[in-house]
Amino acid sequence: MTEPIRINRSTTRKPKPKDADLGFGQIFTDHMFLADFQEEKGWYDPRVEPYGPLSLDPATAVLHYAQAIFDGLKAFRGVDGKIRLFRPQKHVERMNNSARRLCIPPLDPELALQSLVSVVGVDRDWVPSTVGTSLYIRPTIIASEAFLGVRPAKSYIYFVILSPVGAYYPEGMAPVKILVVDKYVRAVDGGLGGAKTSGNYAASLFASDEAKHAGFTQVLWLDGVHRKYLDEVGTMNIMVKIGDEIITPPLTGTILPGVTRDSALALMRKWGLKVSERQVSIDEVVEAHGRGKLEEVWGTGTAAVISPVGELAYQGKKMVINGGKIGPLTQRLYDAIVAIQYGKAPDPDGWTLAI
Ligand code: COI
């Protein structure tokens, strides 16, 4: 698609929230990006429109069979006033990989990048400025054909919406209590775990609800085959530090290839730390805790960046990590990533795109 992006500005403006009042994903900006796909035309009519509801036929495929994918990234207002997207090309690549897995036609990567740049550019006044706040960007593709047969749809809608956000968890960058579940799983080998698709999140709700009722912030998922190896923590990738070794599960198809995961691994390798992408069993974690070697545990994700785990509960046993406090490496990673995002530190690998 080589069509230029049409821009149709809203004639009204919504009131903007104060940075201090921002939660996650509750407020949306004045505009959205849209494009349509039809089999005979490909992707067409890329445009920025006033934010508003989509009108869908009740038979629309996505409402029945969940043929949908999304991604999530952020724009930051730097200390120098510049607005930067964090690793947008990597997010576009992941979005297209998710799309292919769901039989959704991928977007031209250049158009996808321009969609993010154009809509954030139009709503640039919505990017909050306090460190810890940002503009969350949610590109999404849904199957829009009104048809109830089970097969890939012939038409799709791509949209990008924007939401000014603060911390993902109400507790902020504070250690969370996590319940290790072996009764439910989020992904199986050969399944959809590696794609950012809506159904994965629907499938996670029941277990995380049970965990919340039991007083935990989230669950730690184990692998779907042995119910033994660490998979993800809530909606985030997981990392554990056992002695000198930092371990995170490998990308074998069940794990979402997190962009923050990739960034954290790159930084730690640069710092000369021993980083392993390998399977780690819950028994190894319990055993390391028993020896006093389970030094730090944290989750990585776009929404929360780095989320320290202060406590893990498994089969009725409670493991407190680093006295329930943020560990030094967890803090170092958070500070290093945030410094790049807000333009406070050099960006040697070109992770940010100023717009
Ligand atoms: C993340 O960015 O960590 C997520 O995947 C959470 C998002 C689904 C709200």
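Order of appearance sets the numbers: ligands from 1, and atoms from 1 within every ligand. None of the values given here were measured: they were computed from a predicted structure. Count residues from 1 along the sequence.
- Y51 and F28 have parallel rings, their planes meeting at less than 30° on a 0 to 90° scale where 60° marks the start of perpendicular.
- Backbone and side-chain nitrogen or oxygen atoms of A304 are examined, and none is located within less than 3.5 angstrom of a nitrogen or oxygen of ligand 1.
- Residues L162 and W126 fail the side-chain proximity criterion, which asks for heavy atoms closer than 4.5 Å.
- Those atoms of ligand 1 with a heavy atom of T302 less than 4.0 angstrom away are 1 (C), 2 (O), 3 (O).
- Heavy-atom contacts of A303 reach the following atoms of ligand 1: 1 (C), 2 (O), 3 (O) (cutoff under 4.0 Å).
- Here the heavy atom of the protein found nearest to atom 8 (C) of ligand 1 is Y201 CE2, 3.7 Å.
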For side chain to side chain contact (heavy atoms under 4.5 Å, CB included), just list the numbers for T197 and I69, CA-CA rounded to whole Å, side-chain angles, deciding distance to a tenth of an Å, and then say yes or no. CA-CA 4 Å; T197 183; I69 58 100; 4.2 Å; yes
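- Close approach to F24 involves these atoms of ligand 1, each under 4.0 Å from a residue heavy atom: 9 (C).
- With ring centers used as reference points, F24 lies under 6.0 Å from Y136.
- Shortest contact from atom 6 (C) of ligand 1 to any protein heavy atom: T235 OG1, 3.4 Å.
- Atom 5 (O) of ligand 1 has as its closest protein heavy atom K196 NZ, 2.8 Å.
- If you number the atoms of ligand 1 from 1 as listed, the ones under 4.0 Å from a heavy atom of G301 come out as 3 (O).
- A salt bridge is defined here as a Lys NZ or Arg NE, NH1 or NH2 lying under 4.0 Å from an Asp or Glu carboxylate O, and D45 with R6 meets this definition.
- Of the residues listed (R138, K196, R94), the one engaging D71 in a side chain to side chain donor-acceptor pair (under 3.5 Å) is R94, and it is the only one.
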